[in-house]
Amino acid sequence: MEWINIINEVVPYTMGGARNGVKLTGEEESFYDAGLDSLDVAALSVYLCEVLAVPPSVERNGDLGNIADMIAFLDQHAVRRNLTVPQIRALLD
């Protein structure tokens with residue numbers, strides 16, 4: 001599963017994502033332009049790190065408000081990859 005699809009599965013677990021029905025379309029997009037606020041982006045980062053088993057010792061330097069930055073971070077640090085939609089939902093529910 002592509003990173004953007006994994007991120008889209010997690011977005012509804014944030015307040016803004018659920019409330020605004022956010023669906024991301026590409027790496028060039030900003031989470032903020034898509035309707036998420038800084039708290040939503042922080043929550044999204046935490047959820048993604050948990051679902052994808054990013055080691056707690058990895059520091060997120062700077063704002064990951066840009067989708068391309070988030071994907072680069074996940075590509076570098078995610079331990080779990082190739083999750084299915086049911087697996088992602090099971091990890092979040």
Side-chain angles (χ1 to χ4, degrees):
M1 181 178 272
E2 292 183 19
W3 289 124
I4 194 73
N5 296 330
I6 290 172
I7 294 169
N8 271 322
E9 285 301 320
V10 179
V11 164
Y13 289 86
T14 67
M15 287 297 290
R19 181 178 58 246
N20 299 328
V22 172
K23 181 88 172 161
L24 305 170
T25 58
E27 293 182 21
E28 70 288 349
E29 193 173 348
S30 163
F31 290 113
Y32 306 114
D33 292 341
L36 301 179
D37 62 22
S38 59
L39 186 57
D40 294 324
V41 174
L44 179 63
S45 297
V46 170
Y47 291 143
L48 286 167
C49 286
E50 183 174 325
V51 166
L52 300 171
V54 173
S57 60
V58 173
E59 290 187 32
R60 292 180 294 274
N61 293 326
D63 183 21
L64 294 176
N66 179 290
I67 295 169
D69 293 341
M70 178 73 78
I71 289 173
F73 175 82
L74 295 174
D75 203 38
Q76 183 176 6
H77 300 292
V79 174
R80 282 189 201 120
R81 297 168 185 263
N82 301 319
L83 293 173
T84 64
V85 170
Q87 289 171 321
I88 292 169
R89 291 182 181 159
L91 289 164
L92 290 166
D93 288 336

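Only this structure's heavy atoms are used, side chains among them; waters, hydrogens and symmetry mates stay out.
Here CG of L44 is found 7.0 Å from CG of L36. Values are rounded to the nearest 0.5 Å. Within the model, atoms CD1 of I4 and CD1 of I71 stand 4.5 Å from one another, a figure rounded to the nearest 0.5 Å. Atom CD1 in I6 sits 9.0 Å away from atom CZ in R81 (nearest 0.5 Å). How far CG of L24 is from CG of N5: 10.0 Å, rounded to the nearest 0.5 Å.
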Practice problem: List the steps and the verdict of side-chain contact (heavy atoms from CB on, under 4.5 Å) for D40 and F31. | Solution: CA-CA 9 Å; D40 294 324; F31 290 113; over 6 Å; no
Practice problem: Any chance you could lay out the side-chain contact (heavy atoms from CB on, under 4.5 Å) test for F73 and V54, step after step, and finish with the verdict? | Solution: CA-CA 10 Å; F73 175 82; V54 173; 4.1 Å; yes
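A pairwise comparison of heavy atoms in W3 and L52 identifies CZ3-CD1, 3.5 Å as the closest pair. Contact detail for Y32 and V41: the closest heavy-atom pair is CE2-CG2, 3.7 Å.
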Show me the donor-acceptor pairs within less than 3.5 Å that the side chains of residues 86-93 make with the rest of the protein, sequence neighbours left out.
| unit_1 | atom_1 | unit_2 | atom_2 | d |
| --- | --- | --- | --- | --- |
| Q87 | OE1 | T84 | N | 2.7 |
| Q87 | OE1 | T84 | OG1 | 3.2 |
| R89 | NE | E9 | OE1 | 3.3 |
| R89 | NH2 | E9 | OE1 | 3.1 |
| D93 | OD1 | Y13 | OH | 3.0 |

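Follow the hydrophobic side-chain contacts under 4.5 Å out from L39 and you never reach I7; the two are in separate clusters.
Legend: residues meeting side-chain contact (heavy atoms from CB on, under 4.5 Å) with A53, ordered by chain and number and at least two apart, are V79, R80.
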